[in-house]
Each structure stands twice: as structure tokens, then as C-alpha cells.
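FYI, side chains are in, hydrogens and waters are out, and symmetry mates aren't considered; it's all heavy atoms of this structure. Treat the numbers as computed from the prediction; the structure is a model and nothing was measured.
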Protein chains: 2
Amino acid sequence: MNIGAASRQSGLPSKTIRYYEEIGLLTADRALNGYRDYSTEDVHRLRFLQRARGLGFSVEECRELLSLYSDRERASSDVKAIAKEKLAEIDRKIEELTGLRLMLGHLVDNCHGDARPDCPIIDGLSGRLEH
Amino acid sequence: MNIGAASRQSGLPSKTIRYYEEIGLLTADRALNGYRDYSTEDVHRLRFLQRARGLGFSVEECRELLSLYSDRERASSDVKAIAKEKLAEIDRKIEELTGLRLMLGHLVDNCHGDARPDCPIIDGLSGRLEH
DNA sequence: CTTGAGCTTCCATCTGCTGGAAGGACTATC
DNA sequence: GATAGTCCTTCCAGCAGATGGAAGCTCAAG
């Protein structure tokens, strides 16, 4: 599969896919004509990168998460340690998003643009609703 | 409150706070000595920025979200339209994170580093577990 | 009144893309 | 088989969002 198809299936621009190759996040086979050739497994990686980057994981964190996939022959203890660390990070992000959601939900439900002093968005913005 | 205290309370480096001021995400009062002076409300905004940026919202999106806070005297319809749009975006992010969480959870529970071909992380990476 | 931490501005550097130019390859039509 | 249009290649420039460091001012403690 050419880079254009991989781009469409992963949601990542071709430019970004080439960049990810350049910084070593993945390697691509080459067809005889010199074109990059992607497998469905490559597309899975790209889709994963697209999602994880959009959720605020850094490229280095993505590299680490991908390594859980590529190196699943590593000692279970290693893999589990990294995975558990990332799980905690994901849980924190979910909590934060839930806080943001609550804040915006309150805004939609309760704020009528009348500048009332008890606008619930104030609490939401400060993060107090999370705790 | 000086920038150092605001930094500690918001979780953002002083450098980043100054940068956010430079690009107009917030304005800071100045004390007589020239030092920036932050209110607790400023800290709420900074905390919000810290969370939202970490969750993959762009600076422009943050600017928009902050405007929901600052301009809460705007027509309810405007505010609600933007808020609902952002709510959908947040829900999507929560779904994606939940998918990632499931994937990692499977890895922790089911992968033992023995390179079994049915490692559930493969499905998780492709995003299929979300749907 | 010195010492050290914290503040200021300015400028350079880094990460993570993103755009554009110049040129080769593929597909379809004439 | 020439021509057009789209896709691919590399290379290099530029932008977004910080981040680090230098040079110098301020403040609080001893």
C-alpha cells in the first residue's frame, strides 16, 4: 500500500508519516519503484500514533507505547511496568477530560449569559470539580 | 502573587506562563517593582491551560475555551454552540483514551512476553476495540 | 551591605510538524 | 508513443509551542 492510502486509512498526513519514519517511529518497506510500501500492521501503528498524539502523548511516550507492541517478547515485568505507568497516565487524562466535560456541561445547562456570579464554569476552570 | 507562586499553583513553568502572556492568552497585572502579579482567577486560567494543553487541545482551542469563561455575557446561543462543539470533541477524546486504556489493560492482563500470535494489544493498537 | 533566590527582557534552540520546489513514476486518454 | 494529471520521491524552509541561557534588576535574610 502506497503512502497516500496509508494516510487515508490512518488519518495522518503523508508528510507526518514521512516525518515519523525520519525520526525512527517506524520503518517502511520500499517497492521496486522506490515508493514506500505499508502493511496493514503499519497502518495500525500509524492509527495508534494518530490517536495517541492527539491525546497529548509526546513522541517519546508514543515510542515507548509502541515498543510495548513491537517488543512483546521482552520480559513481562518490563512490559508490565511501563504499561502500568502509562495506564496511570491515561487514567489521569481521562479524569481531567471528565472534569472538563463536567465544566462545559454545566456551562451549557446552567449559564444563560447573564453574568451571574455563581456561573459554574469558574469552578470547572479551576479544576475543583475533579476533586 | 509572583510568577513563581503562580507557576507552582498552576503546574506551568514560569517560562510558559510568560509565553502565554506574549501570545495573548492572558494578561498579567504588574506590581510597582515591575514583577508580574497574578490573582487566584489568573491561576485558575493557568491551571486550565495546563490541563487542556496536556489533553491535546491546541493553543487556539484553549483560547476559544477560555473565551467561554471571560465572555460569559455573550449571547447564550454563541456560548452554547462553541461549548457543544467542544463537548463533542472532549467525548471523542474520552472514548479514544478509554480505547487506549482497554488496550493497555489487556496487555497487562494477558501478555506474558511469549510472543503469542493472539496478543490482544494488536487489536487495541488498530483502534478496533473502540468500535 | 553582601549573598542568594527570584524576577525582568532578549535571543537562541528544540520539538513536531507543515509547505513548497524540483523531479521521477504511474495511469489514462489521444 | 506523446501528453496530462496525479502520486510519489528528496530536500530545504518555516511555523507552532515552548524551553534554555545570559545579563541585569529586586528583594529578603543575615
Side-chain angles (χ1 to χ4, degrees), chain A residues 1-40 42-43 45-67 86 89 93 96 100, chain B residues 1-40 42-43 45-67 86 89 93 96 100:
Chain A
M1 173 188 332
N2 286 348
I3 199 170
S7 167
R8 259 168 269 122
Q9 288 185 35
S10 66
L12 284 172
S14 305
K15 284 273 185 188
T16 304
I17 295 176
R18 289 194 198 95
Y19 172 71
Y20 286 167
E21 182 179 336
E22 189 187 327
I23 63 174
L25 280 186
L26 45 13
T27 51
D29 288 346
R30 295 288 176 140
L32 292 175
N33 58 14
Y35 287 14
R36 286 171 181 81
D37 186 26
Y38 296 93
S39 65
T40 44
D42 290 330
V43 172
R45 284 160 185 270
L46 291 170
R47 256 179 72 66
F48 169 77
L49 285 168
Q50 194 271 325
R51 292 194 299 153
R53 290 288 299 124
L55 293 168
F57 288 95
S58 73
V59 163
E60 285 321 303
E61 285 171 329
C62 289
R63 201 191 295 278
E64 211 163 283
L65 284 163
L66 274 179
S67 81
K86 294 301 170 196
E89 209 169 314
K93 279 176 192 285
E96 289 184 355
L100 281 184
Chain B
M1 167 190 337
N2 285 347
I3 199 169
S7 166
R8 260 167 269 120
Q9 288 185 36
S10 66
L12 284 172
S14 306
K15 284 271 185 190
T16 305
I17 296 176
R18 291 194 197 94
Y19 172 71
Y20 285 167
E21 183 180 337
E22 192 187 325
I23 63 173
L25 280 185
L26 46 12
T27 52
D29 288 344
R30 293 289 177 141
L32 293 174
N33 58 14
Y35 286 15
R36 287 172 181 81
D37 185 27
Y38 297 93
S39 65
T40 43
D42 290 330
V43 172
R45 284 161 184 272
L46 292 169
R47 256 179 71 68
F48 169 76
L49 285 167
Q50 193 273 325
R51 291 194 299 153
R53 289 291 297 124
L55 292 168
F57 286 96
S58 74
V59 163
E60 286 319 305
E61 285 172 330
C62 288
R63 201 189 296 278
E64 209 164 284
L65 284 163
L66 274 179
S67 81
K86 294 301 170 196
E89 207 169 316
K93 280 176 192 286
E96 289 185 355
L100 281 185

Measure across A/Lys93 and B/Gly54 and return the closest heavy-atom pair with its distance rounded to 0.1 Å. NZ-O, 2.9 Å
Closest non-hydrogen contact found for A/Ser10 with A/Leu46 is CB-CB, 3.5 Å
State the [atom1]-[atom2] distance between [X] and [Y], to the nearest 0.5 angstrom.
X	Y	atom1	atom2	answer
A/Ile17	A/Gln50	CD1	CD	10.5 Å
A/Leu55	B/Leu55	CG	CG	8.5 Å
A/Arg8	A/Ser14	CZ	OG	8.0 Å
A/Cys62	A/Leu26	SG	CG	11.5 Å
B/Leu65	B/Phe48	CG	CZ	4.0 Å

Anything under 3.5 Å between a protein N or O and an N or O of nucleotides 14-16 of chain C, put it in a table, one pair a line.
from: C/dG16; atom 1: OP1; to: A/Val59; atom 2: N; distance (Å): 3.4
from: C/dG16; atom 1: O3'; to: A/Arg53; atom 2: NH2; distance (Å): 3.2

Give me the distances for all protein-to-nucleotides 25-30 of chain D N/O pairs that come in under 3.5 Å?
from: D/dT26; atom 1: O4'; to: B/Tyr35; atom 2: OH; distance (Å): 3.3
from: D/dC27; atom 1: OP1; to: B/Asn33; atom 2: ND2; distance (Å): 2.8

Nearest listed nucleotide, side chain of B/Pro13, among D/dT19, C/dT8, D/dC8: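 Closest nucleotide among those given: D/dT19.
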Given atom [atom1] of [X] and atom [atom2] of [N], what is their separation to the nearest angstrom?
X	N	atom1	atom2	answer
B/Ile3	C/dG6	CD1	P	13 Å
B/Glu21	C/dC7	CD	P	14 Å
A/Asp37	C/dC26	CG	C1'	15 Å
A/Arg18	D/dC12	CZ	P	16 Å
A/Leu25	C/dC17	CG	P	9 Å
A/Asp29	D/dT9	CG	P	13 Å

Sequence neighbours left out, cut at 3.5 Å: what donor-acceptor pairs do the side chains of residues 28-36 of chain A make with other protein atoms?
from: A/Arg30; atom 1: NH1; to: A/Gly34; atom 2: O; distance (Å): 3.0
from: A/Asn33; atom 1: OD1; to: A/Tyr35; atom 2: N; distance (Å): 2.9
from: A/Arg36; atom 1: NE; to: A/Glu21; atom 2: OE1; distance (Å): 2.6

Using the 3.5 Å cut-off, write out each protein N or O paired with an N or O of nucleotides 19-23 of chain C and the distance between them.
from: C/dG19; atom 1: N7; to: A/Lys15; atom 2: NZ; distance (Å): 3.0
from: C/dG19; atom 1: O6; to: A/Lys15; atom 2: NZ; distance (Å): 3.2
from: C/dG20; atom 1: N7; to: A/Lys15; atom 2: NZ; distance (Å): 3.4
from: C/dG20; atom 1: O6; to: A/Lys15; atom 2: NZ; distance (Å): 2.0

Salt bridge check: are A/Glu89 and A/Lys86 linked by an N-O gap of less than 4.0 Å? yes
Please confirm whether the shortest side-chain N or O distance from B/Thr16 to OP1 or OP2 of D/dT19 is below 4.0 Å.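 Yes, within the criterion.
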Taking 4.0 Å as the cut-off, does a side-chain nitrogen or oxygen of A/Arg36 come that near to OP1 or OP2 on C/dA25? no
Applying side-chain contact (heavy atoms from CB on, under 4.5 Å), can you list everything that pairs with A/Glu60, at least two apart in sequence or on another chain? A/Ser58, A/Arg63
List the residues meeting side-chain hydrogen bond (donor to acceptor under 3.5 Å, both in side chains) with B/Ser39, not counting sequence neighbours, and say none if there are none.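 B/Ser39 satisfies side-chain hydrogen bond (donor to acceptor under 3.5 Å, both in side chains) with B/Asp42 only.
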